[in-house]
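Let me begin by presenting the structure, written as structure tokens, before commenting on it.
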Amino acid sequence: MHTPTDTQQLETQETQSYDYSDTSSIANFPNFQFSLHALSSLTSLVKTSPKGSRKVNVLLAVLEADGPDTIRMKKGADAGKEVSVLSLILGDEEGAVCKLTAWREVANEWGGAGDAVGAKRGDILLIENVTASWDTSTAPALSASPYLKSKMEICYRTMPYTRADARLRPDLRLAQSDAAVRKVAAVVKWFEDMAGLSAAHEVS
């Protein structure tokens, strides 16, 4: 049997556990470890459209995520083997859009297999060591794989799915003097405007 004191303590603990106010988000200080000079602009890559391919680093929003799925390779050294593949449609704050395909272990990790935190629609991703290649389309196709040592970091989750996602939502109002924070904030605003999330915030 709970005494009034016990009940009050339980209620206080529950309130503390589930209270995600602006006060708690302010403590989540943004700390992005990348240089703008190391990033390639998707818009500039679209306009360039050279032949061949090159390795790039990009900061983009996830518009769609599909996978990871398992496919059987038809050609090359891995012909007949089953490998994992993840497809992402990505965009930047200037409206440029491209497709990224991640292969093998990278597809599993970026897709959220095991304990990994997978990329979801609305995430702002720092993607490093991927190949941009051009064919007949104007937008480059991005490819990520273990061989390229491709890396992905979720800088911001615009559409939280669980309370644990609060750690993926640093307060971008802080450190506005930091160029990396301003860059992430610009991509966040673009996605929120495009997805109608800004209007939802204003209504609420």
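Closest non-hydrogen pair, Ser145 versus Val106, comes out as C-CG2, 3.5 Å. Residues Ser177 and Arg182 share a closest heavy-atom pair of O-NH1, 3.1 Å. Minimum heavy-atom separation, Arg121 to Tyr161: O-OH, 3.6 Å. The minimum heavy-atom distance between Ala144 and Leu100, with the atom names listed, is CB-CD2, 4.4 Å. Considering all non-hydrogen atoms of both residues, Leu86 and Ala107 come closest at N-CB, 3.6 Å. The two atoms that bring Trp110 and Met152 nearest to each other are CE2-CB, 3.2 Å, heavy atoms only.
Listed by chain and number, the residues in a side-chain contact (heavy atoms from CB on, under 4.5 Å) with Ala132 are Val56, Trp134, Pro140, Leu142 (sequence neighbours excluded). By the side-chain contact (heavy atoms from CB on, under 4.5 Å) test, Ser53 is found to be paired with Thr131, Ser133, residues two or more places apart in sequence or in another chain being considered. In terms of the side-chain contact (heavy atoms from CB on, under 4.5 Å) criterion, residue partners of Glu64 (sequence neighbours excluded) are, by chain and number, Ile89. Shown here are the side-chain contact (heavy atoms from CB on, under 4.5 Å) partners of Ala96, two or more places apart in sequence or in another chain: Leu42, Thr43, Val46, Asp92.
Separation of atoms CG (Leu88) and CD1 (Ile127) is listed at 6.5 Å; rounding is to 0.5 Å. Summarising the geometry, atom CD belonging to Glu109 is positioned 10.5 Å from atom OG belonging to Ser150; distances are rounded to the nearest 0.5 Å. Atom CZ of Arg169 and atom CD1 of Ile154 lie 13.0 Å apart (nearest 0.5 Å). How far CG of Leu36 is from OG of Ser41: 11.0 Å, rounded to the nearest 0.5 Å. Note that CG of Asp178 and CG of Asn31 are 8.5 Å apart. Values are rounded to the nearest 0.5 Å. Taken from CZ in Phe34 to CG in Asn57, the straight-line distance is 10.5 Å, to the nearest 0.5 Å.
Following chains of ILVMFWY side-chain contacts shorter than 4.5 Å, one cannot reach Val187 starting from Leu63, and the two form parts of different hydrophobic clusters. Connection of Leu59 to Tyr156 is established within a shared hydrophobic cluster, with ILVMFWY side chains joined at heavy-atom distances below 4.5 Å, either directly or through further cluster members. The hydrophobic cluster containing Val62 also contains Val58, counting ILVMFWY residues as joined when their side-chain heavy atoms lie under 4.5 angstrom apart, directly or transitively. Note on Val188: it clusters hydrophobically with Leu126, by side-chain heavy-atom contacts below 4.5 Å among ILVMFWY residues. By the rule that hydrophobic residues join a cluster once side-chain heavy atoms approach within less than 4.5 Å of another member, Leu197 and Leu172 end up as members of separate clusters.
Distance alone, capped at 3.5 Å, is enough to place a donor-acceptor pair between the Thr158 side chain and the Gly122 backbone.
Among residue pairs with one or both ends in residues 81-90, those qualifying as salt bridge (Lys or Arg N to Asp or Glu O under 4.0 Å) are Arg72-Glu82, Asp78-Lys81; sequence neighbours excluded. Residue pairs meeting the salt bridge (Lys or Arg N to Asp or Glu O under 4.0 Å) criterion with at least one partner in residues 144-162, sequence neighbours excluded, are Asp123-Arg157, Glu128-Lys151, Arg157-Asp165.
Using a 4.5 Å cut-off on side-chain heavy atoms (C-beta onward), Asp66 and Lys99 make no contact.
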